[in-house]
Amino acid sequence: MVKTIDQIANEYFGGNLKRMAIANDMQPSLLSRNKAAGWLVVNGVLMSPRRQLVDSEGQPICGKTK
């Protein structure tokens, strides 16, 4: 399951990013930077968007069905 940092903060920390950061042994400023950079929570793991994957023709695969 993929969620945004805000979705996790709202669901588990009443929307409080500082509480979320402290509970996860992070500086609140780092969590804010991750949020601004578009990081996502995938199956409970904080992940950064490194690059968009494409198919053999160079088309983005996001949302494609085969």
What distance do [X] atom [atom1] and [Y] atom [atom2] have between them, rounded to the nearest 0.5 Å?
{"X": "Asp6", "Y": "Lys35", "atom1": "CG", "atom2": "NZ", "result": "3.5 Å"}
{"X": "Ser48", "Y": "Asn34", "atom1": "OG", "atom2": "CG", "result": "8.0 Å"}
{"X": "Lys3", "Y": "Tyr12", "atom1": "NZ", "atom2": "OH", "result": "5.0 Å"}

Checklist entry - Linking Ile, Leu, Val, Met, Phe, Trp and Tyr through side-chain heavy atoms less than 4.5 Å apart, which residues share a cluster with Val45? => result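 Val2, Leu40, Val42, Met47, which link up through side-chain heavy atoms under 4.5 Å apart, make up the rest of the cluster.
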Shortest non-hydrogen contact from [X] to [Y]?
{"X": "Leu46", "Y": "Trp39", "value": "CG-CE3, 3.5 Å"}
{"X": "Glu57", "Y": "Asp55", "value": "N-OD1, 2.9 Å"}
{"X": "Ile61", "Y": "Val54", "value": "CG2-C, 3.5 Å"}
{"X": "Gly15", "Y": "Asn10", "value": "CA-OD1, 3.1 Å"}
{"X": "Pro28", "Y": "Ala21", "value": "CA-CB, 3.6 Å"}
{"X": "Arg19", "Y": "Gly14", "value": "NH1-N, 4.4 Å"}

Checklist entry - Partners of Asn24 by side chain to side chain donor-acceptor pair (under 3.5 Å), sequence neighbours excluded? => result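 Applying side chain to side chain donor-acceptor pair (under 3.5 Å) to Asn24 gives none.
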Checklist entry - Are more than 12 heavy atoms from other residues, nucleotides or ligands located less than 6.0 Å from atom CD of Gln27? => result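 Open.
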Next on the checklist: Taking Ile22 as the starting point, is it possible to reach Met26 by hopping between hydrophobic residues whose side chains are less than 4.5 Å apart?
Outcome noted: no
Checklist entry - Would you call Met20 and Ile5 a side-chain contact if the rule is heavy atoms closer than 4.5 Å? => result yes
Checklist entry - For Lys18, which residues count as a salt bridge (Lys or Arg N to Asp or Glu O under 4.0 Å) partner, sequence neighbours excluded? => result none
